[in-house]
Amino acid sequence: MNKYRTHTCGELSKKLKNKEVSLSGWINKKRDHGNLLFIDLRDNYGITQCVVEKNNENFNNLEKLPLETVINIKGEVVERSKETINSEIKTGEIEIKINSFIILGKTKELPMPVFSEQEYSEEIRLKYRFLDLRRNKIHQNIILRSKVISFIRSEMEKLGFLEFQTPILTSSSPEGARDFLVPSRLNPGKFYALPQAPQQFKQLIMVSGFDKYFQIAPCFRDEDARADRSPGEFYQLDLEMSFVEQEDIFNVVEKLMVKLFNNFSKNKILNEVFPKIKYSEAMLKYGTDKPDLRNPLIIKDVTEIFTRDDVTFEIFKKLVKAGSSVRAIVTKQTKDKPRSFFDNIDNWAKEQGSSGLAYFTIEKNKDIQGKGPIGKFFNNDSIKCIMNITSAEVGDTVFLSCGKISEIEKILSLAREKIANDLNLIEKNKFAFCWIVDYPMFEKDEETNKIKFSHNPFSMPQGDLNNIDFTKPLDLKAYQYDIVCNGIELSSGAIRNHIPELMYKLFEIAGYDKNIVNEKFSGMINALSYGAPPHGGIAPGIDRIVMLLAEEKNIREVTMFPMNQNAQDLMMNAPSEVSSEQLKELNLSIKKK
RNA sequence: GGGGGUGUAGCUCAGUUGGUUAGAGCACGUGCCUGUCACGCACGGGGUCGAGGGUUCGAGUCCCUUCACUCCCGCCA
């Protein structure tokens, strides 16, 4: 017999009544009646109530144990009387009558309670993560994460994918996020980089003829944190397939996501065939390439209204003349909302750094008229024209933003979310997936005015490969796609460019000459020159998938040992200083400030 | 790099217009209590009010600086 336990704290029932058992776990909670003491013993599997009476020789010692002490108890399984059954817990029909106990792990005074549903400061949670992780909600989140990953592995294997590991120490690449660098001892002055994704390796795996690859891959990017973005490291379901077109990738991922989300959540998937939205359409209708489709609000372009003579809103008219655009969000039947509702939104928009949101409500007496701060600038005809474009009706409110397209896209995208939340328009408990497709190959850098890759430089441009018009690079579309759920970008992927000449040409447009490409992407460009199959893939973010399934708003809630916003591990004290010997070996010196 | 929020007991928080000795719940300690499951009751210990400076007869409260955590912008092929 194992000296620590015969059973776990989650499995005992009436079937074992009157049996002698041994349990080990943490003291979750004590209820001390003076002559009768209840101890809730907790382990990974559940909670079992243990009871001891005054006449037992262990009573006084057990009474003194602080919460979270780890003990082993030996005792008898007793069926509870009807009135004392606790239906909240799995083992609620029995309790253990304690005969003896041993302390296995003492505890100091707790910096944070384990038995409590209160929220605690992030600082204390991260410093004492091992205590935080004992708490039920996050404990279950981490278990869910484990199950999700197993599920994905088994599904991928069923689909014929092979799992491979790729190097963690690799080379820095000029595109993309900041790299984490690792100095090389054997090669003084040179550095490895941690992979931002196994991008080149997975393509090399295809060139090596393995056909279908996947990996639960760690990715490292030295960028600032957000609620849905861990600083430093995160995990992707990285996958790549040979001899495929875009639709083949969609098929695999769509089916996997539907199976996964149906298996791990009760929330309904709104469209099991995910809608495909062109990038340009997404930017127009939602102002972002990661729209939350649960949100019914749609943005419309109404710039033309402000070229009409009968519209007298001179501020916007002047801006439009100078090249600005105007776009609108319409809220249904909001004419009776108090003034404060509208002003609130306008003020909020100003706080976001925009010039605010102009608005008027459509009313009808004899004629149709606009009511509200800017209502008077529009007459019956011009309002009808706006109603026509935006599908607005009498009683609706029109919010307007005017400015450079990139600016109004940004503010209206945020306003869509803000207004929908204020009006409670977002269907909770639903998953709304979509594909965003037809990304542009290039975009203009707003600061330098230079042309750069808009996403992945390894993507295949669309069109007849023998006859691509490179004279208008900004018009080039790529076989590049994102998958989005509830406004969260889950992953992006692409059909890759496997033709070296074409790759050189595209890099040239982005300002990298052949020599740089040969140097920076030597492994890949070389491989593509020796018979590369057409291939493509995608890499859904594991952390964000689990976050959606666990219905958490913050990625730390599904990450076992996360870093804080400043990329520090408060529990392990990372990053930390290193000895001068270590620095010397690496040929490094620290610049004093 | 920039903007917002928060910071008071081990933990979660309250603290009015600047005014006596800074409070509550949980945790901890002591005592009472034989059926609780957020057990109950009584008593007790515990505070650099994030730090520094200023205004004032008087600062947890007002002003300035700064630090920490967090959310957002930038950044994230």
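Every chain is numbered from 1, with letters handed out A, B, ... down the list of sequences.
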task: For B:rA59 versus B:rG53, give the span between their C1' atoms, rounded off to a whole number of Å.
output: 13 Å

task: Would you indicate which nucleotide in B:rU36, B:rC69, B:rG10 comes nearest to any side-chain atom of A:F38?
output: B:rU36

- prompt: When all nucleic acid strands are considered with a 4.0 Å heavy-atom cut-off, which category describes A:I124: base, sugar-phosphate, or nothing?
  reply: sugar-phosphate

message: With the six-membered base ring of B:rC33 as reference, does the ring of A:H33 sit under 5.5 Å away with planes under 30° apart?
response: no

Nucleotide of B:rC75, B:rG35, B:rU12 approaching A:E95 most closely (side-chain heavy atoms): B:rG35

query: Is A:R42 salt-bridged to A:E68, cutoff N-O under 4.0 Å?
result: yes

- request: Give one of base, sugar-phosphate or nothing for A:T84, where a contact means two heavy atoms less than 4.0 Å apart.
  value: base

- line: The residue, A:R31 or A:A177, whose nearest nucleotide of RNA chain B is more 5′ is A:R31

Taking only distance into account, with no hydrogens and no angle test, what donor-acceptor pairs under 3.5 Å do side-chain atoms of residues 92-100 of chain A form with protein atoms, sequence neighbours excluded?
{"unit_1": "A:E95", "atom_1": "OE1", "unit_2": "A:Q49", "atom_2": "NE2", "d": "2.9"}
{"unit_1": "A:N99", "atom_1": "ND2", "unit_2": "A:E20", "atom_2": "OE2", "d": "3.2"}

Side chain A:R125 and base B:rC11 donor-acceptor under 3.5 Å: no

task: Measure the distance from CG on A:D32 to P on B:rG31 and round it to the nearest whole Å.
output: 11 Å

field: Same-atom distance (P) from B:rA27 to B:rC71, integer angstrom
entry: 30 Å

message: Rounded to whole Å, how long is the line connecting atom OH of A:Y120 with atom P of B:rG10?
response: 15 Å

Pair assignment for B:rU55, Watson-Crick or G-U wobble, requiring both distances under 3.5 Å: none

Salt-bridge present (A:D40, A:K29; N to O < 4.0 Å): no

message: Counting only Watson-Crick pairs (N1-N3 plus N6-O4 or O6-N4) and G-U wobbles (N1-O2, O6-N3), all under 3.5 Å, who is the partner of B:rC69?
response: B:rG5

Passing candidate, ring-ring contact (aromatic ring centres under 6.0 Å, His included) with A:F442, options A:F507, A:F453, A:F470: A:F453

Short N-O contact, A:E223 and A:R229, less than 4.0 angstrom: no

task: Please state the C1' separation for the pair B:rG74 and B:rA38 - nearest whole angstrom.
output: 46 Å

- request: Indicate whether the side chain of A:N518 and that of A:Y504 have a donor and an acceptor atom separated by less than 3.5 Å.
  value: yes

Distance-only donor-acceptor test (3.5 Å): side chain A:R221, base B:rC75: no

- request: Provide the distance between the two P atoms, one in B:rU6 and one in B:rC64, to the nearest whole Å.
  value: 15 Å

message: Reading RNA chain B from 5' onward, which residue's closest nucleotide shows up sooner: A:I85 or A:E53?
response: A:E53

- prompt: Checking all strands, does A:S454 fall into the base, sugar-phosphate, or nothing category for heavy-atom contacts under 4.0 angstrom?
  reply: sugar-phosphate

Interatomic distance at P, B:rA9 relative to B:rG1, whole Å: 30 Å

message: What I want to check is whether an N or O donor and acceptor connect the side chain of A:Q49 with the base of B:rU36 at under 3.5 Å.
response: yes

task: Would you mind classifying the nucleic acid contact of A:E119 as base, sugar-phosphate or nothing, using non-hydrogen atoms under 4.0 angstrom?
output: sugar-phosphate

- prompt: Does A:T8 offer a backbone N or O that forms a donor-acceptor pair with the side chain of A:E11 under 3.5 Å?
  reply: yes

Charged tip of A:K202 within 45° of A:Y213 ring normal and under 6.0 Å: no

message: Under a 4.0 Å threshold between the charged nitrogen and the carboxylate oxygen, would A:K17 count as salt-bridged to A:E79?
response: yes

task: Have a look at A:P111 and say if it touches a base, only the backbone sugar-phosphate, or nothing, with a 4.0 Å heavy-atom cut-off.
output: sugar-phosphate

- prompt: Between A:K30 and A:E63, is there a side-chain N and carboxylate O pair less than 4.0 Å apart?
  reply: no

query: Any ion pair linking A:E119 and A:K137 (charged N to carboxylate O, less than 4.0 Å)?
result: no

query: Given the P atoms of B:rG54 and B:rU61, what is the spacing between them in whole Å?
result: 14 Å

query: Within this structure, what is the NZ-to-P distance between A:K350 and B:rG4, rounded to whole angstrom?
result: 18 Å

field: B:rC43: pairing nucleotide in any strand, Watson-Crick or G-U under 3.5 angstrom
entry: B:rG29

- request: Under 4.0 Å between any heavy atoms, over every strand shown, what does A:D222 touch: base, sugar-phosphate, or nothing? Just pick one.
  value: nothing

field: Between B:rC62 and B:rG44 - P atom distance, rounded Å
entry: 33 Å

field: Rounded distance (Å) that lies between atom P of B:rC32 and atom CG of A:N60
entry: 10 Å

Nucleotide N/O to protein N/O under 3.5 Å, stretch nucleotides 71-73 of chain B:
{"unit_1": "B:rC71", "atom_1": "OP1", "unit_2": "A:N554", "atom_2": "ND2", "d": "2.5"}
{"unit_1": "B:rC71", "atom_1": "OP1", "unit_2": "A:R556", "atom_2": "NH2", "d": "3.0"}
{"unit_1": "B:rC72", "atom_1": "OP2", "unit_2": "A:A227", "atom_2": "N", "d": "2.9"}
{"unit_1": "B:rC73", "atom_1": "OP2", "unit_2": "A:R226", "atom_2": "NE", "d": "2.7"}

Strictly under 3.5 Å: I want the nitrogen or oxygen pairs between protein and nucleotides 26-29 of chain B, one per line.
{"unit_1": "B:rA27", "atom_1": "OP1", "unit_2": "A:K29", "atom_2": "NZ", "d": "3.1"}

